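Predicted model, so just to flag it, every value in this text is computed and none were measured.
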Amino acid sequence: MNSKSETDEASRGSEASSSNNNPAPSNSKEQSEAGLCADTSSNTTDIMKRAAARQLIERYFYQLLDGCGNPNCDNQYCASSGEARNLTPNEAAAEAIKLFYKEARLCDTLPNKVPRTEASTCDTSASAPCSTSNTKDKNNRDKKGDPSCSSSPNDNKTDKPETSHNISREEYKNLSHNNGAPLTEDRIYELCDECLQTKKPQALIRALGEAFTQPAILSRCFQKKVSKCDVSEGKKKLDKELKAMCSSSDPDKDVDCVTGPGLDVGSCQRAFQYLAKVPSEYYSSALVIALKTLAENMEIDLRITKKMSLDDVVTCFVIAFEVPDLRCSDYLEIALPALCHAAEHLPVKAQAKLARTWAQHCKDSLRHILETLQQLITLRVICTNYSRNFQVQDDETVTMATKLMKIVYFANMLAGVMEANTLREEPIVIASQLDPLGDALDHLYPLSSIKNSKQAQQDDPLAIELDVNVLDSRKPYLPFEEFYNEPLSDNIEMDIDLANCKTEIGNGRKFSFLKYPFILTAATKSLGLYYENRIRMYSERRVSLLHAVVGAAPPMPFLRLKVRRSHIIDDALVELEMIAMERALDLKKQLVVEFEGEQGVDEGGVSKEFFQLVVEQIFNPDYGMFTHRQDSHTVWFNPTSFETEAQFTLIGIVLGLAIYNNIILAVNFPMVVYRKLMGKKGSFEDLADWNSTLYNGLKDMLDYTGSDLEEVYYQTFRICYTDVFGNNIFHDLKENGDNIFVTQDNKQEFVDLYSDFLLNKSVESQFRAFRRGFVMVTDESQLGALFRPEEVETLVCGSKNFDFNELEKSTEYDGGYTAESQIIKDFWSIVHGLTLEDKRKLLQFTTGSDRVPVGGLSHLKLVIARNGPDSDRLPTAHTCFNVLLLPEYSTRHKLQDRLMKAISYSKGFGML
């Protein structure tokens, strides 16, 4: 091991050594001419070759793992230089073989072949020199001739902070100034105690500054302790790889190293928790400057030099975001924005690794990280005056923080409960229709056409790398609602954001928050969807006019339905069926409804009542298409319905038209329907809100651990359910299911098959037709990209929060009324005293729908206008514009009487 070349056969590795002057034992010329892995007839020669190669590779192994002990080492393949990334023993073993083939440089001083965990540790509280019983270390000290310290460079090497060992203060100062010593948990404890005792933070500030300004040092902080067992495993791996190398015919074959996190996150968190005991004013300013410098250095490395490995980069970000709350504005204004800027340049693989690290090792820190980013965005939005020339989308501090929050968003899903990504509904393919004139108009007006937006939508690269879909997140670690930022959502000009989303600028795209929908409230996203649908409606209107100009077809700028109240279902479904068959693109025109024999002009209010009447009748149990569950008050597809699939397709079209025309419906589907519409099949957990009784029974079965499950439940793989007429229907979940009893071994299979049958297979044809109709209207929409299933339910059914105090605050007044008018005070006093049912009637009367819009009643712009002096007339309303016409009644009693009569008898439309 002390020879210059060991053997001539291993000369490739020995030439990489810079200056080792020890004499080498001589070998025969025949041995020097042989290759390292060449076959020879002499077993002795082969053994000598392997021994020589082994010795060289062992030197690389310990050089990578422990370093040479020279504080001024500049070898990038040596741990002492600070340039080599910290490796586990397994990684070091594989990397040593690679360096042997590359003829990499070997340091002069041979590292001690003693695991670092075997080194004697110094008493951290003592200033006297520490002693060691290691004879080799004593000899090395003598050779170095350093009388000032009883620890040799190799002792420093064995006490390197990667192992998280205690070291004396003198040793730490020597390391920190000469070799950039990383921080350890014990060192933080020592520095904090010293600071608290002496009230002098200089040592703490110096240590934090040295570590947090240099990514190469920070990436080696708080490393896992390397046990003797770990080193032994690394040596075993080295032996195994060496044998594989010598038997390989390709000496240049790459050897993959085993990856594994070197950061001890628990140690890092404990250290920072202890640091929080020190008053933050002692070190906050210095740490803010250090974090800013760290971010700048990392940004330079990620953009230009690219010297750091992805593991080291991720480690730096993990440690940086574990820093405790500094309780100072400089962190939010200086350090955190700089870290967000640096994180923007992370490649997708590094983003994925960071998300996995946060999900697996930093669950408890996710809320702190999220809240910190939310504070930064909120503070920036509130303190900045945005204008049409400087939008929030142009504010890099906000946009960079949003991009980093996306990594936290995916980490949050991974940290929660995830389902298998195999439960997918079959995709619905809608045949594209040829429309040459429409294509010509798209070419003339490219900004107004978004027909190809569906094809332009791309899956998120980070989602692809992580293989994560929001539909698979059954229960995130933090509720998705905590990612909403309401101040940001309220400040976004959604028309501009939609334009940024659809328009390419330069070599890329301008920033659009619609690409990061997790941060936007459902109300804000619904506004973006509304603008998108309106643009598509106008595009279809232009196409229709172009058809009329060239004489190709009569002008039909709207999707016009003329129906009779007495036959509303028959008339509506027949007309929609004809339109879907002849030209499905007409479904994307603006809907205009006309009731036969009535004078009302549809500006939105007539359509609202049309949808309400259709929903009331079509979900009526007497119609036979849907069944009602009394316990959950929900409707479900009738598996034994006599209606054709075309009828269910038309119901899907109605639901799609409601979303497309921004109309809220009184539909009580269970959540599993919206999950299935988004493409996720139903599973056992979806039974909870559909049939809670069955769900609880099956869950009890899964939780039962007794060996007598078969006798207790006496359940086979044959199930029974009832149709709408009350008849029992039997179904075998498996072939010959009546003879297969449920046991401890197969109970999970039974539950999965049972759930799959009830939620998927039993209604497969009905739901596929229903979803096809829905997709015919929404296929080009960003509905699936913007909204989660829970948000789609809110989009369809509206909010469930009937807060009329919010409605009172958002209401506007006209015609002489003000909030201080006596009749207005009496009006709200009466309204707040109404029952929930009467409040629904009031909403129905004034807006045409008894549902609360997305975002709550604060988003409903109600106008109360004066309609003349006191009279016996009833109040009236313009439902298209949410205007209540209220005469100035003389008394409160008269106002209440007329108002209750008006909202109780409000069917039909007329011209005022």
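Across every non-hydrogen atom of Ser473 and Met418, the tightest pair is CA-SD, 3.7 Å. Listed here is the closest heavy atom pair of Glu532 and Ser781: OE1-OG, 3.8 Å. Considering every non-hydrogen atom in both Ser489 and Ile519, the closest pair reads OG-O, 3.8 Å. Between Cys797 and Val667, the shortest heavy-atom distance links the atoms SG-O, 2.9 Å. Residues Asp472 and Lys680 come closest through the heavy atom pair OD1-NZ, 2.7 Å. A pairwise comparison of heavy atoms in Glu793 and Phe669 identifies OE2-O, 4.1 Å as the closest pair.
The pair Lys406-Asp460 counts as a salt bridge, with a side-chain nitrogen and a carboxylate oxygen less than 4.0 angstrom apart. Salt-bridge check for Asp779 with Lys588: passed, with a basic side-chain N closer than 4.0 Å to an acidic carboxylate O. Between Asp311 and Lys353 there is a salt bridge, since a side-chain N of the basic residue sits under 4.0 Å from a carboxylate O of the acidic one.
Arg536 places no side-chain N or O within 3.5 Å of a backbone atom of Lys589 that could act as its donor or acceptor partner. Distance alone, capped at 3.5 Å, places no donor-acceptor pair between the Asp394 side chain and the Phe390 backbone. A donor-acceptor pair is defined here as one N or O able to donate and one able to accept, closer than 3.5 Å; no such pair exists between the side chain of Asp586 and the backbone of Ile579. Remark: side-chain polar atoms of Asp312 are not paired, donor with acceptor, to backbone N or O of Met308 under 3.5 angstrom. Without hydrogens or angle criteria, Thr384 side chain to Val381 main chain gives no donor-acceptor distance under 3.5 Å. With hydrogens and angles ignored, the 3.5 Å screen pairs a side-chain donor or acceptor of Gln374 with a backbone N or O of Glu482. Asp301 contributes a side-chain N or O that, together with a main-chain N or O of Lys307, makes up a donor-acceptor pair within less than 3.5 Å. Looking at Glu481, its side chain never comes within 3.5 Å of a backbone N or O of Thr521 through a donor-acceptor pair. Judged purely by atom type and a 3.5 angstrom limit, Asn297 uses its side chain to pair as donor or acceptor with the backbone of Thr293.
Checking each of Asp330, Leu332, Val323 against Val288 for a side-chain contact (heavy atoms from CB on, under 4.5 Å) leaves exactly one that passes, namely Asp330. For the side-chain contact (heavy atoms from CB on, under 4.5 Å) with Met413, the qualifying choice from Val470, Leu478, Leu466, Asn469 is Val470, the only one to do so.
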Residue pair Gln590, Arg534: steps toward the side-chain contact (heavy atoms from CB on, under 4.5 Å) verdict: CA-CA 8 Å; Gln590 183 177 351; Arg534 285 292 166 178; 3.3 Å; yes
Walk me through whether Glu419 and Lys475 qualify under salt bridge (Lys or Arg N to Asp or Glu O under 4.0 Å). CA-CA 9 Å; Glu419 288 187 333; Lys475 184 180 179 181; over 6 Å; no
Is there a side-chain contact (heavy atoms from CB on, under 4.5 Å) between Leu783 and Leu529 once you walk through the steps? CA-CA 7 Å; Leu783 182 69; Leu529 188 66; 4.0 Å; yes
side-chain contact (heavy atoms from CB on, under 4.5 Å) evaluation trace for Leu843 with Leu857: CA-CA 10 Å; Leu843 287 178; Leu857 288 173; 4.1 Å; yes
Could you give me the CA-CA distance, side-chain angles and deciding distance for Thr778 and Tyr660, then say whether side-chain contact (heavy atoms from CB on, under 4.5 Å) is met? CA-CA 7 Å; Thr778 62; Tyr660 190 64; 5.6 Å; no
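Between the OG1 atom of Thr402 and the OH atom of Tyr516 there is a distance of 8.0 Å, given to the nearest 0.5 Å. Atom CG in Leu379 sits 10.0 Å away from atom OG1 in Thr397 (nearest 0.5 Å). In this structure, CG in Leu336 is found 4.5 Å from CG in Leu376, a value given to the nearest 0.5 Å. The CD1 atom of Ile319 sits 9.0 Å away from the CD atom of Glu322 when rounded to the nearest 0.5 Å. Here the CG-OG distance, from Leu657 to Ser607, works out to 10.0 Å after rounding to the nearest 0.5 Å. One distance of note links CZ of Phe321 with OG of Ser365; it measures 11.5 Å at 0.5 Å rounding.
Two residues are said to be in side-chain contact when any heavy atoms from C-beta on lie closer than 4.5 Å; Leu807 and Ser810 meet this criterion. Side-chain atoms of Pro215 and Val313, non-hydrogen and from C-beta on, never get closer than 4.5 Å to each other. Taking the side chain as every heavy atom from C-beta outward, Trp358 and Asn412 never approach each other to under 4.5 Å. Val392 is listed as a side-chain neighbour of Phe513, based on a closest heavy-atom distance under 4.5 Å. Between Leu527 and Ile492, every side-chain heavy-atom pair lies at or beyond the 4.5 Å cut-off. Side-chain atoms of Leu591 and Phe558, non-hydrogen and from C-beta on, never get closer than 4.5 Å to each other. Phe774 places none of its side-chain heavy atoms less than 4.5 Å from the side chain of Ile653. Taking 4.5 Å as the limit, every side-chain heavy atom of Leu370 sits out of range of all side-chain heavy atoms of Arg367.
Sequence neighbours left out, not one pair with a member in residues 654-666 passes salt bridge (charged side-chain N to carboxylate O under 4.0 Å, His left out).
Every residue two or more places apart in sequence or in another chain that forms a side chain to side chain donor-acceptor pair (under 3.5 Å) with Ser512 is listed here: Asp497. Every residue meeting the side chain to side chain donor-acceptor pair (under 3.5 Å) condition with Arg380, not counting sequence neighbours, appears here in chain and number order: Asp395. For the side chain to side chain donor-acceptor pair (under 3.5 Å) test, no residue two or more places apart in sequence or in another chain qualifies with Gln360. Evaluation of the side chain to side chain donor-acceptor pair (under 3.5 Å) rule for Lys525 yields Glu791 as partners, not counting sequence neighbours.
Within a 6.0 Å radius of OH in Tyr530, no more than 12 heavy atoms belonging to other residues, nucleotides or ligands are found. Within a 6.0 Å sphere centred on NZ of Lys349, other residues, nucleotides and ligands contribute 12 heavy atoms or fewer. Summarising the local packing, CD of Glu812 is surrounded by 12 or fewer heavy atoms from other residues, nucleotides or ligands at distances under 6.0 Å.
The six-membered or imidazole ring of Tyr409 lies near that of Phe483, with a centre-to-centre distance under 6.0 Å.
Between the side chains of Asn533 and Asn662, no donor-acceptor pair of N or O atoms lies under 3.5 Å. Judged by distance alone, the side chains of Asn485 and Thr378 do bring a donor and an acceptor atom under 3.5 Å apart.
A cation-pi arrangement is present between Lys676 and Phe767 under the rule of less than 6.0 angstrom and at most 45 degrees off the ring axis.
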Would you tabulate the side-chain donor-acceptor contacts of residues 340-348 under 3.5 Å, counting partners in other chains and residues two or more places apart, or write 'none'?
| from | atom 1 | to | atom 2 | distance (Å) |
| --- | --- | --- | --- | --- |
| Glu344 | OE2 | Lys403 | NZ | 3.0 |
| His345 | NE2 | Glu299 | OE2 | 3.3 |

